[in-house]
Amino acid sequence: MVTQKPFAVFDIDGTVIRWQLYHAVADALARTGLIEPAVFDKVRDARMVWKNRASQHSFVDYEQALVAAYDEAIVNISQQQLRQAVEKVFNEYKDQTYTFTRDLIHQLKKQGYLLFAISASQANIIELLARYYEFDDFGGSVYEVVDGAFTGERTPLRRDRKPEYLQQLVTKHDATFKGSIGVGDSDSDIPMLEIVENPIAFNPNTVLFAHAKARGWKVVLERKNMVYELEQHSGIYRLTD
């Protein structure tokens with residue numbers, strides 16, 4: 001009788017890797033002139049508004065500007081050009097990880113966990129990172145290609161699709177939810193974290209932290225060279241022993 005293995009699922013952007021890969025790929029395209037300078041100027045302006053913390057929704061506004069620029073650019077570039085940008089970003093960022101999640105990946109692999117990576121970033125860069133860190137499977141956003149050219153159509157792996165996709169991976173690999181672990185950093189990960197036994201809010205944004213607090217989830221913070229693991233006791237988060 002084959003024993004089902006537990007699994008751990010990780011968001012990638014801002015959870016394993018210290019930056020947003022979708023943003024890094026767009027930057028790489030812009031640097032080589034594959035996104036029009038006038039278009040990308042709007043992205044830079046929105047990014048500075050976010051960096052200056054000028055409004056509560058500045059990061060969302062920045063992401064929307066970025067997605068619009070990316071979606072406009074992709075229909076004018078080849079698969080090879082995108083592949084070159086993706087590989088460049090992979091080589092630059094693959095080792096720029098958080099200590100907590102990097103060590104947790106290694107620890108869980110030794111314990112026999114199946115490892116899944118699920119992200120809204122492009123599936124092709126998530127695939128490279130999943131292979132590099134020896135994940136068992138992965139999921140990311142997919143851009144349609146017809147006759148070697150991007151059509152502009154995409155299937156984003158948004159928050160509402162993450163639980164369904166995770167369930168597909170669990171079924172595919174005959175894994176068990178018993179002992180399962182999930183790690184994410186933003187509210188887009190909440191639906192995915194809701195269905196695992198041991199959710200971890202890692203460097204959470206305000207929405208995820210509020211949800212984690214309401215649910216009593218474990219919260220982990222990493223700043224500089226320190227990792228702080230927090231657990232809730234009587235409604236108050238305290239450092240774990």
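These numbers were taken from a predicted model, which means no experiment stands behind them.
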Self-check item: Least distance between heavy atoms, Y237 atom then W217 atom
Solution: OH-O, 2.7 Å

Quiz item: Distance only, no hydrogens: is a donor on one side chain within 3.5 Å (strictly under) of an acceptor on the other, for D185 and T15?
Solution: yes

Self-check item: Ion pair R131/E127, N-O distance below 4.0 Å
Solution: yes

Quiz prompt | salt bridge (charged side-chain N to carboxylate O under 4.0 Å, His left out) partners for D103, two or more places apart | solution = none

Quiz item: Would you call the rings of F10 and F135 parallel, tilted or perpendicular, where under 30° means parallel and over 60° means perpendicular?
Solution: perpendicular

Quiz prompt | Minimum side-chain heavy-atom gap P204-H211 below 4.5 Å | solution = no

Exercise. Quick one: list whatever passes salt bridge (charged side-chain N to carboxylate O under 4.0 Å, His left out) with R161, sequence neighbours left out.
Key: none

Quiz item: Same hydrophobic cluster for L193 and V219, using side-chain heavy-atom links shorter than 4.5 Å among ILVMFWY?
Solution: no

Quiz item: Would one find more than 12 heavy atoms of other residues, nucleotides or ligands at under 6.0 Å from atom NZ of K109?
Solution: yes

Quiz prompt | Under the salt bridge (charged side-chain N to carboxylate O under 4.0 Å, His left out) test, residues paired with D61 that sit two or more places apart | solution = none

Quiz item: Without hydrogens or angle criteria, can the side chains of D137 and H173 be said to hold a donor-acceptor pair below 3.5 Å?
Solution: yes

Quiz item: Would you say the side-chain atoms of D95 and Y132 include a donor-acceptor pair closer than 3.5 Å?
Solution: yes

Exercise. Would you check if I118 and L169 make a side-chain contact, meaning some heavy-atom pair closer than 4.5 Å?
Key: yes

Quiz item: Can a cation-pi geometry be assigned to K94 and F90, taking NZ or CZ under 6.0 Å from the six-membered ring centre and within 45° of the ring axis?
Solution: yes

Self-check item: NZ/NE/NH1/NH2 to OD/OE distance under 4.0 Å, D27 and R47
Solution: yes

Quiz item: With under 30° as parallel and over 60° as perpendicular, where do the rings of F7 and F177 fit, or are they tilted in between?
Solution: perpendicular

Quiz item: Do NZ/NE/NH1/NH2 and the carboxylate oxygens of K178 and E197 come within less than 4.0 Å?
Solution: no

Quiz item: Taking NZ, NE, NH1 and NH2 as the nitrogens, is one of them in R44 or D41 under 4.0 Å from a carboxylate oxygen of the other?
Solution: yes

Self-check item: Beyond-backbone contact of L66 with F40, side-chain heavy atoms, under 4.5 angstrom
Solution: yes

Quiz item: Are N124 and L82 side-chain neighbours, meaning at least one heavy-atom pair lies under 4.5 Å?
Solution: yes

Quiz item: Do other residues, nucleotides or ligands put more than 12 heavy atoms under 6.0 Å from the NZ atom of K213?
Solution: no

Practice problem: Kindly check if the number of other-residue, nucleotide or ligand heavy atoms within 6.0 Å of CD (Q111) is above 12? | Solution: yes

Quiz item: F59 vs H23 aromatic rings, parallel, tilted or perpendicular, using cut-offs 30° and 60°?
Solution: tilted

